[in-house]
Participant: 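So that we are looking at the same thing, I have put the structure below in structure tokens.
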Amino acid sequence: QVQLVDSGGGLVQAGGSLRLSCAAYGRTFSNYCMGWFRQAPGKEREFVAAISWSGGRTHYADSVKGRLTISRDNAKNTVDLQMNSLKPEDTAVYYCAATLEWLVVVRAGYDYWGQGTQVTVSS
């Protein structure tokens, strides 16, 4: 069992930045690839970014490439999402998630989820 706790969301103006963090508790953190997803009101939860077990590989949705950066610290059991040049369409609840496999971009492929943190970008 892995418990994930998301934090760092908030209200920011377009063009601004936020840093989300996810703390993991329980089983060995480095056994899991980590991902971030987001869900806007009335929309499906969508993939945002993923990072491999050691952090050596990352993958992003086209909509966030060049603006969002995923990173992890296995010593601290955390995974972060640095969000720059934010746009109103980035407004959503953001969730971190854990999976044993690399490059999983669908919700069903993740075994554990954080509770979500709200990001609101005003125009």
Participant: Report yes or no: does Trp53 contribute a side-chain atom to a donor-acceptor pair with the main-chain N or O of Asn31 at less than 3.5 Å?
Facilitator: yes
Participant: For the residue pair Tyr112 and Leu4, what are the closest heavy atoms and their distance?
Facilitator: O-CD1, 3.6 Å
Participant: Any chance you could pull the hydrophobic cluster mates of Tyr25, using side-chain heavy atoms under 4.5 angstrom and chaining through other members?
Facilitator: Val5
Participant: Quick check: closest heavy atoms across Asn74 and Ser54, and the distance to 0.1 Å?
Facilitator: ND2-CA, 4.0 Å
Participant: Any side-chain to backbone donor/acceptor pair from Arg72 onto Phe29? Under 3.5 Å, distance only.
Facilitator: yes
Participant: Would you name the heavy atoms of Ser52 and Trp102 that are closest together and state the gap between them?
Facilitator: N-CZ3, 3.3 Å
Participant: What residues, two or more places apart in sequence or in another chain, satisfy side-chain hydrogen bond (donor to acceptor under 3.5 Å, both in side chains) together with Gln39?
Facilitator: Arg45
Participant: Tell me whether Tyr60 contacts the main-chain N or O of Ile70 through its side chain, where contact means a donor paired with an acceptor under 3.5 Å.
Facilitator: yes
Participant: For Gly109, does its backbone N or O pair with a side-chain atom of Thr99 as donor and acceptor, under 3.5 Å?
Facilitator: yes
Participant: State which residues pass side-chain hydrogen bond (donor to acceptor under 3.5 Å, both in side chains) with Gln3; sequence neighbours excluded, sorted by chain then number.
Facilitator: none
Participant: Are Arg38 and Val64 packed together at the side-chain level, in the sense that at least one heavy-atom pair is separated by less than 4.5 angstrom?
Facilitator: yes
Participant: Please name all residues satisfying disulfide (SG to SG under 2.5 Å) with Cys33, sequence neighbours left out, ordered by chain then number.
Facilitator: none
Participant: Take the angle between the ring planes of Phe37 and Phe47 and call it parallel below 30°, perpendicular above 60°, tilted in between.
Facilitator: perpendicular
Participant: Enumerate the side chain to side chain donor-acceptor pair (under 3.5 Å) contacts for residues 5-18, please, sequence neighbours excluded, ordered by first and then second residue.
Facilitator: Ser17-Asn84
Participant: Only counting residues at least two apart or in another chain, list the ones meeting side-chain hydrogen bond (donor to acceptor under 3.5 Å, both in side chains) with Arg67.
Facilitator: Asp90
Participant: Pair Val121, Met83 - check side chain to side chain contact (heavy atoms under 4.5 Å, CB included), show working.
Facilitator: CA-CA 11 Å; Val121 184; Met83 309 170 69; over 6 Å; no
Participant: With Val79, which of Cys22, Ser71, Ser21 fulfils side chain to side chain contact (heavy atoms under 4.5 Å, CB included)?
Facilitator: Cys22
Participant: What are the two closest heavy atoms between Ala14 and Pro88, and how far apart are they?
Facilitator: CB-CD, 4.1 Å
Participant: Within the side chain of Thr58, is there an N or O that forms a donor-acceptor pair under 3.5 Å with the backbone of Ile51?
Facilitator: no
